[in-house]
Asks: 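Quick one: the structure is below, and I'll ask about it shortly.
Here the structure is a predicted model, which means the values were calculated and not measured. All residue numbers refer to positions in the sequence shown, counting from 1. Just follow the structure's listing: the first ligand is 1, and inside any ligand the first atom is 1. Computed from heavy atoms alone, side chains included, the values below leave out hydrogens, waters and symmetry copies.
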Amino acid sequence: MEDTSFAILPENKKHGSKVNYQSLGTVKSYNIENNAVVFQCDNGYVSILFYRDDIVRIIMNHKGRPSYQSSFAVVGEREQIKPHITEGEKELRVASEKLTLVIKRDQVSISIFDHHKKLLVKDDHVGMGFNDKNEVICYKQMDAEDHFYGFGEKTSFLDKRGEKMTMWNTDVYAPHNPEIDSLYQSIPYFMTVRNGKAHGIYFDNTFKTVFDMKTSDDTYSFSAEGGQLDYYVFAGPSPKEVVAQFSELTGKMPLPPKWALGYHQSRYSYETEEEVRDVVNTFKEKDIPLDAIYLDLHYMNGYRVFTFDEGRFPNPKKLLHDLKNQGVRVVPIVDPGVKVDPEYNIYQEGVRNDQFCKYIEGDIYTGDVWPGESAFPDFTNSEVRRWWGKNHQFYSDLGIEGIWNDMNEPAVFNETKTMDIKVMHDNDGDPKTHRELHNLYGLLMGEATYEGMKNHLKGNRPFLLTRAGFAGVQRYAAVWTGDNRSFWEHLQMAIPMCMNLGISGVPFCGPDVGGFAHDSNGQLLARWTQFGTFTPFFRNHSELNSIHQEPWMFGEKYEAVVKKYIQERYVWLPYLYTLFQEASVTGEPVMRPLVLEYPNDKNTFNLSDQFLIGADVLVAPITTPDTYHRVVYLPEGNWVNYWTEVKLEGGKHHLVQAALDILPIFVKEGSILTHGTVKSSTEAKETELKVHIYVTDEEKSTFTYYEDDGKSFEYERGSFYQCRFEAKLEKNRLDILTHVEHDEYQPEWKNAVFVIHGIVEDLEVFVNGNVQNNSKRLADNKLEVKLGRNEF
Ligand code: MIG
């Protein structure tokens with residue numbers, strides 16, 4: 001009915017969200033327990049506690065005393081910070097070193113200031129409130145200069161001001177368009193950038209939540225269908241610090257295995273062993289790099305997870321072994337639905353050990369998915385997660401190191417697209433409905449899978465790809481953005497979507513390159529692959545009924561471009577890997593909107609069609625057909641065209657050329673980048689490290705390069721290599737310094753080549769104080785200096 005005009009019958013007018021809301025009333029008293037200030041009000045309680053000096057948690061409970069239990073998303077340890085309290089006649093102040101909260105006594109409302117006394121957030125209207133359906137809401141003032149980012153995986157443009165978004169994990173096969181705001185991930189968090197400074201809010205509520213930055217011009221709100229109003233405010237003050245603060249609370253991405261950063265090829269499905277081998281062999285014949293190939297639904301026996309179809313895949317172990325020798329990993333799909341089949345061991349075990357989701361009355365919930373009628377593991381129980389993890393030995397025994405979780409919203413083929421919300425999750429003895437825990441299902445499945453695989457791989461890093469998730473999903477998995485289509489519009493949309501995922505704590509993400517559904521074509525695939533070179537996750541995937549879109553499917557002209565950009569990925573890997581390592585420590589995204597680095601520049605606020613990789617590389621994909629030029633905005637500073645070495649001035653828009661084989665890339669003057677060489681896969685040896693120096697006489701350039709074995713967890717015990725490169729130009733003397741900061745791991749490459757860009761006449765190059773006489777002058781004002789790593 002939703003699809004017909006019936007949806008807009010007068011009787012169907014939805015009520016405004018403000019209907020029936022009431023506030024907490026006045027503050028009657030307060031007390032301090034465990035460094036939390038608890039206010040007792042006419043209609044409930046509010047508790048304020050600092051997690052750190054720059055993170056405050058606020059909990060409103062209209063039914064009773066606040067519960068301090070957090071959702072599964074929160075892993076950050078709370079520091080014990082004693083609040084400083086000042087009592088005024090009309091208001092109370094609760095402060096840490098970095099934040100001051102002013103609480104109005106009559107109609108409870110909270111204003112939060114930073115330590116410069118600058119207002120960050122202020123309650124508006126009823127402030128915090130609730131209604132007779134037990135929905136909770138918080139209204140905040142919206143400043144004319146506020147711009148909003150994050151919200152996880154959303155369609156539409158970068159800046160979410162003017163959007164209203166719902167968090168409810170949903171399998172959306174079609175369409176992904178601005179009207180569809182609930183996709184597979186729910187990350188109830190956002191960052192506000194106002195006049196160059198940033199702060200953030202994370203709403204720790206797993207019910208369906210709504211963020212409304214649209215309905216009013218000067219107020220925004222976030223609300224939930226149930227639970228407490230439990231949220232955190234991050235003080236910033238820079239956008240990167242907000243992401244770091246949020247990542248501190250919800251966790252960081254573990255460093256993925258290097259092969260997960262290579263090029264991946266997928267299809268729904270490569271149906272037989274023969275087909276898989278054919279595809280891989282074609283990559284080899286054509287000398288196109290490849291690190292992983294995916295097995296979609298068809299590999300299983302009747303869609304039973306933890307099985308192989310013996311007809312289609314007679315000897316998976318041998319297949320895996322052979323492909324590994326070719327430098328290629330295999331990633332099978334694993335859905336949560338377990339086929340109802342009394343002769344199937346997983347179903348038997350699940351029933352016998354009470355591992356499936358059930359109704360409160362005791363019946364196992366079943367729903368229709370690929371295997372037909374299926375039961376769903378109750379991942380809210382840690383015992384079930386262990387069981388599920390243990391089952392993955394089936395895969396690891398075959399040599400599998402990566403798993404692909406799909407349908408884990410969970411998706412069910414019915415009207416609501418998911419499990420009955422009345423289903424009861426046991427939740428380790430604290431039972432809650434699916435209505436409350438729905439959004440956590442994918443995250444918990446991720447924990448089960450990642451931890452299980454980690455156990456089985458005995459010291460090797462697992463790779464997990466997931467479709468569904470919640471805040472914190474980065475702790476276990478990379479995220480791909482689900483069932484997009486082979487439309488130019490979907491290529492366009494993927495850019496802000498991935499940037500906002502990055503802001504939302506998920507650095508490792510990417511769309512299906514080429515588009516999943518619908519038929520791709522050569523030009524679209526070429527342009528999309530160019531973009532994919534720089535998305536943190538780089539996988540070409542397409543659907544059953546669409547035409548094949550492997551790199552060679554659209555003729556030589558396009559194949560050459562696609563190949564060039566897959567190769568480029570490997571050239572950039574040593575730079576990307578360093579950024580991944582940084583992200584795993586700080587939470588700062590690999591792929592960044594420009595506003596993250598240039599929050600004072602209004603040209604960046606809603607810049608949705610270009611992005612940064614790290615701080616210094618700007619990528620501006622072509623996202624429309626038959627287009628061979630585009631406008632690129634370069635922020636302050638000078639920028640060097642990666643392909644032509646032409647220098648352009650920042651703070652301006654430029655018209656740049658982009659023939660089919662050109663992805664516009666600009667490197668900031670003054671930066672240093674590390675590159676590798678083209679390889680058939682990450683398994684191949686790195687022979688030489690290229691250190692690109694884009695010289696400037698304005699400041700010292702520096703870059704800290706990171707490397708480890710790319711496979712194990714030994715880096716956690718100090719087995720890694722870290723070298724800080726510095727370059728300083730004075731007149732015609734360039735001094736390059738190499739500071740090896742950590743060398744418990746020995747890189748494969750023995751030589752480094754310093755490529756100096758934008759050189760001045762008569763340049764003299766010194767490395768670590770020694771003059772280099774063997775430098776080689778290249779075209780386009782470049783100079784090359786070769787050096788052994790032993791001279792670092
Ligand atoms: O469309 O497993 O998003 O990547 O190929 C139905 C089959 C189920 C959805 C995933 C897609 C995958 C497909 N799955």
Asks: Check if Y173 has a non-hydrogen atom at a distance under 4.0 Å from any atom of ligand 1.
Replies: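 Outside the 4.0 Å threshold, so no.
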
Asks: How are the rings of Y441 and H434 set to each other: parallel, tilted or perpendicular (split at 30° and 60°)?
Replies: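 Ring orientation, 0 to 90° scale: perpendicular.
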
Asks: Between N484, D483, L297, which one has a non-hydrogen atom sitting closest to atom 11 (C) of ligand 1?
Replies: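 Result: the heavy atom closest to atom 11 (C) of ligand 1 is in D483.
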
Asks: Run the numbers for me: atoms of ligand 1, each under 4.0 Å from some heavy atom of Y268, listed by number.
Replies: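 This gives 5 (O), 7 (C) as the contact atoms.
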
Asks: Consider every N or O of D512 and every N or O of ligand 1, then say whether any pair is closer than 3.5 Å.
Replies: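 D512 vs ligand 1: no N/O contact under 3.5 Å.
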
Asks: Hydrogens and angles aside, do H425 and D378 bring a side-chain donor and acceptor to less than 3.5 Å of each other?
Replies: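 Their side chains do contain a donor-acceptor pair, which is all the 3.5 Å distance test asks for.
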
Asks: How many angstroms lie between CH2 in W528 and CG in N484, if you round to the nearest 0.5 Å?
Replies: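 The distance works out to 4.5 Å.
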
Asks: Look up atom NE2 in H176 and atom CZ in F516, then write down how far apart they are to the nearest 0.5 Å.
Replies: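 Taking NE2 in H176 and CZ in F516, the distance rounds to 10.0 Å.
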
Asks: Is it true that, when you exclude E275 itself, more than 12 heavy atoms of the residues, nucleotides or ligands shown sit nearer than 6.0 Å to its CD?
Replies: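 Counting neighbours around CD of E275, more than 12 heavy atoms of other residues, nucleotides or ligands fall under 6.0 Å, so yes.
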
Asks: Apply side chain to side chain donor-acceptor pair (under 3.5 Å) to T366 and E373, showing your working.
Replies: CA-CA 6 Å; T366 61; E373 198 189 359; 2.8 Å; yes

Asks: Could you please spell out the steps behind the side chain to side chain donor-acceptor pair (under 3.5 Å) verdict for N408 and T466?
Replies: CA-CA 8 Å; N408 50 346; T466 186; 2.8 Å; yes

Asks: Just checking F207: does its CZ atom have more than 12 heavy atoms from other residues, nucleotides or ligands closer to it than 6.0 angstrom?
Replies: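 Count over threshold, so yes.
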
Asks: Distance to 0.1 Å, residue and atom name: give those for the protein heavy atom nearest to atom 6 (C) of ligand 1.
Replies: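 The answer is W370 CZ2, 2.9 Å.
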
Asks: Test D181 against T155 for side chain to side chain donor-acceptor pair (under 3.5 Å), laying out the working first.
Replies: CA-CA 6 Å; D181 69 66; T155 54; over 6 Å; no

Asks: Does any N or O of ligand 1 fall below 3.5 Å from an N or O anywhere on W404, backbone included?
Replies: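 There is no such contact.
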
Asks: If you measure every N/O of D296 against every N/O of ligand 1, is any gap under 3.5 Å?
Replies: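 Between D296 and ligand 1 (N or O atoms, distance only) the closest approach is under 3.5 Å.
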
Asks: With respect to atom 10 (C) of ligand 1, which of D406, V172, L544, T481 exhibits the smallest heavy-atom separation?
Replies: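 Ranked by closest heavy atom to atom 10 (C) of ligand 1, first place is D406.
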
Asks: Can you say whether the rings of F151 and F190 are parallel (under 30°), tilted (30 to 60°) or perpendicular (over 60°)?
Replies: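 Correct class here is parallel.
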
Asks: Counting heavy atoms only, which part of R467 comes closer than 4.0 Å to ligand 1: side chain, backbone, both or neither?
Replies: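 Only the side chain of R467 comes within reach of ligand 1.
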
Asks: Under 4.0 Å from any heavy atom of I333, which atoms of ligand 1 are there?
Replies: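 Those atoms are 2 (O).
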
Asks: Side chain, backbone, both or neither: which applies to D335 and ligand 1 if a contact is any heavy-atom pair less than 4.0 Å apart?
Replies: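 The answer is neither; D335 stays 4.0 Å or more away.
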
Asks: Number the atoms of ligand 1 from 1 as they appear, then name those within less than 4.0 Å of a heavy atom of H541, with their elements.
Replies: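 Numbered from 1, ligand 1 contributes 4 (O), 5 (O), 11 (C), 12 (C).
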
Asks: Identify, by atom number and element, the atoms of ligand 1 in contact range of W480, meaning under 4.0 Å from any of its heavy atoms.
Replies: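 Counting atoms of ligand 1 from 1, those under 4.0 Å from W480 are 3 (O), 4 (O), 10 (C).
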
Asks: I'd like to know if F413 contacts ligand 1, where contact means a heavy-atom distance under 4.0 Å to any ligand atom.
Replies: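 Not so, F413 does not reach ligand 1.
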
Asks: Where's the contact between F516 and ligand 1, heavy-atom distance under 4.0 Å: side chain, backbone, both or neither?
Replies: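 Looking at F516 and ligand 1, just side chain atoms fall under 4.0 Å.
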
